[in-house]
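Presented below is the structure to which this report refers.
Below, read A as the first sequence line, B as the second, and so on, with proteins coming before strands; counting in each chain starts at 1.
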Amino acid sequence: MIINTISFDFSAITGFEIIVAVVGYVIVFSALVIMYYVYNNIPKLINIKIRQRLEKEGKYKISENEELHIPGDVNAAISMALYLYFNELHDKESNIITIKKVSKQYSPWSSKIYGLNE
Amino acid sequence: MKRLFTIIGIIAILFYISTAFINVDKQENSNNEKETTEVVSEKSSTQDTQSESAARKGISRFFDYSGFRNATPGHLLMLLVGLFFIFLAIKYDYEPLLLIPIGVGILIGNIPFMLNAGLKLGIYEEGSVMSYLYFGVTQGIYPPLIFLGIGAMTDFSSLISNPRLMLLGAAAQVGIFLTFLGALILGFRAPEAGAIGIIGGADGPTAIFLSSKLANGINILPDGTTVKNLIGPIAIAAYSYMALVPVIQPPIMKLLTTKKERIIRMKPPRTVSKLEKMLFPIIGLLLTAFISPSSLPLLGMLFFGNILKESGVTKRLADTARTSLIDIVTIILGLTIGASTQADVFLTEQSMLIFILGAISFMIATAGGIIFAKVMNLFLANDNKINPLVGAAGVSAVPDSARVVQNEGLKADPSNHLLMHAMAPNVAGVIGSAVAAGILLSFLL
């Protein structure tokens with residue numbers, strides 16, 4: 001019923017509409033391409049200082065292509081190892097057993113005197 | 001299905017009851033008229049008969065105001081749609097946080113009542129409670145608040161660690177602009193077509209925001225005609241397709257990829273430093289706002305929410321934005337969008353066309369992402385290829401399409417987890433669709 005009433009009017013698309021579609025898509029695409037380039041280079045900029053410091057200290061010689069980050073799966077493995085290690089640790093105990101007198105503060109809510117009948 | 005049939009049966013019974021009441025009432029009315037003429041001519045009615053007729057009038061008025069008297073097939077159809085939404089949400093877990101409020105909203109918006117009686121009940125009646133809540137939709141207030149919450153809950157790490165996946169989010173936006181042209185061919189005016197096209201972005205808040213600006217029933221076109229109010233159908237179409245992502249996307253994904261492509265393993269994302277996470281929203285805000293200032297209400301709030309999260313010093317604000325605030329807005333938004341589907345306004349040929357265009361738009365967007373991933377693979381080294389399934393997540397239905405990619409990836413290879421990779425084009429899609437909305441707004445307003 002609806003399909004019968006659908007009419008196609010290709011003349012509705014004029015130069016303006018095509019410009020809107022094409023230019024619009026190009027802008028969206030270029031916006032994300034710019035973001036891609038920016039975010040692709042930010043880690044390199046951040047790492048420049050770290051590279052310089054490490055090389056200055058002579059602790060670590062880094063090649064240009066080497067990345068400074070630790071991969072996620074390595075991080076996960078380290079976290080798991082630390083978790084297991086700390087989970088197996090016990091509190092250090094003094095091994096001295098004593099009987100301590102526990103002094104309780106007086107409280108009318110727990111006082112026996114008010115609960116006794118004469 | 002049994003339950004569905006039961007619901008349909010109940011609705012059918014209600015419909016027959018309502019028609020029966022209408023017939024009985026009509027007879028009563030004619031009898032009343034006869035009686036009143038007799039009373040006037042004879043002038044000898046007793047007090048008892050007067051009170052009897054008053055009571056009858058009261059009952060008749062009560063029925064005039066009741067839903068049974070005012071029900072139309074359109075109302076019953078929309079009530080069925082509302083019940084179907086609730087059924088989908090509960091039974092199949094399709095976006096319950098959206099479909100339950102929308103489904104209940106449809107029920108509330110389609111309870112038949114006497115129009116023009118000054119009851120101030122309908123969402124389109126000035127002064128009604130629902131119309132006040134709907135104000136936030138028509139003025140585009142709720143979508144930026146939703147974006148604030150999304151920003152505060154989204155972790156952009158996957159995108160920052162692999163920025164090339166951002167291009168997939170851009171590629172998927174092709175659906176918006178092709179549907180814009182399609183809507184023009186089908187007879188919609190340019191601003192209406194722009195608002196319909198954004199359904200392909202698969203982003204409910206963006207669709208509502210743009211339709212509230214372009215197809216709001218208020219703007220005057222250059223030829224003096226008023227633009228149509230398409231907020232309700234566009235919002236319902238956008239949210240319906242977002243909920244139906246697990247149904248719509250997998251066949252397209254399978255159609256456009258080979259088994260060999262579906263099992264491609266991607267490099268695990270690298271760890272992202274705190275500084276990078278903090279810089280992302282600030283740079284993103286400045287870049288996108290300068291390119292497309294019209295999208296500032298959406299992207300400004302998105303990146304603001306993300307700054308709250310990543311700065312680490314506004315935990316309380318971030319917690320509120322991603323929990324209480326977004327929940328409150330989602331409840332009101334879903335309910336009012338549902339209620340805006342009042343049968344007499346919603347059940348039009350245009351709404352059906354919008355639904356068809358929305359589905360096409362969504363499919364084109366999915367295909368656009370997948371095809372672009374395949375094109376990118378032509379230029380990438382063998383050990384650094386992209387699984388084309390990830391391209392399907394370029395539509396901005398966060399995180400549903402990423403979840404669908406993960407499921408489809410697991411079907412091809414049970415040990416290949418694509419979720420983290422798919423989240424990157426998914427959030428890029430949110431940014432891309434918001435930029436597209438801003439561009440359409442600046443061109444067509």
Could you grab the distance from atom [atom1] of [X] to atom [atom2] of [Y], nearest 0.5 Å is fine?
X: B:Ile160; Y: A:Met35; atom1: CD1; atom2: CE; result: 9.5 Å
X: B:Leu181; Y: A:Ile18; atom1: CG; atom2: CD1; result: 7.0 Å
X: A:Ile46; Y: B:Leu275; atom1: CD1; atom2: CG; result: 4.5 Å
X: A:Tyr36; Y: B:Asn162; atom1: OH; atom2: CG; result: 9.0 Å

Which portion of [X] sits near chain A, non-hydrogen atoms under 4.5 angstrom:
X: B:Phe188; value: neither
X: B:Ala190; value: side chain
X: B:Leu167; value: both
X: B:Leu178; value: neither
X: B:Ile431; value: side chain
X: B:Ala171; value: both

Residues B:Leu444, A:Phe16; criterion side chain to side chain contact (heavy atoms under 4.5 Å, CB included); working and verdict: CA-CA 10 Å; B:Leu444 303 171; A:Phe16 172 71; 4.1 Å; yes
Heavy-atom distances under 4.5 Å only: say whether A:Val38 touches chain B with side chain, backbone, both or neither. side chain
List in chain and number order the residues that pass salt bridge (Lys or Arg N to Asp or Glu O under 4.0 Å) with B:Glu310, two or more places apart in sequence or in another chain; answer none if no residue qualifies. none
Results of salt bridge (Lys or Arg N to Asp or Glu O under 4.0 Å) for B:Asp223 - residues two or more places apart only: B:Arg189
Would you check if [X] and [Y] make a side-chain contact, meaning some heavy-atom pair closer than 4.5 Å?
X: A:Ile34; Y: B:Ile291; value: yes
X: A:Leu32; Y: B:Val435; value: no
X: B:Phe180; Y: A:Ile13; value: no
X: B:Ile283; Y: A:Tyr39; value: yes

What pairs of residues pass the salt bridge (Lys or Arg N to Asp or Glu O under 4.0 Å) test when at least one of them lies in residues 428-445 of chain B, not counting sequence neighbours? none
Can you name the nearest heavy-atom pair linking [X] to [Y], along with the distance?
X: B:Val174; Y: A:Tyr25; result: N-CE1, 3.4 Å
X: A:Pro43; Y: B:Glu276; result: CG-OE1, 3.3 Å
X: B:Phe443; Y: A:Val23; result: CZ-CG1, 3.9 Å

Expected contact set for residues 416-428 of chain B against chain A at heavy-atom separation under 4.5 Å reads B:Ala428
Quick check on the 6.0 Å ring-centre criterion: do A:Phe29 and B:Phe372 meet it? yes
Shorter than 4.5 Å, heavy atoms on both sides: which option in B:Arg164, B:Met166, B:Lys267, B:Gln173 has the most such pairs with chain A? B:Met166
I'd like to know which of B:Ser292, B:Gly187, B:Gly432, B:Ser442 tops the heavy-atom pair count under 4.5 Å against chain A. B:Gly432
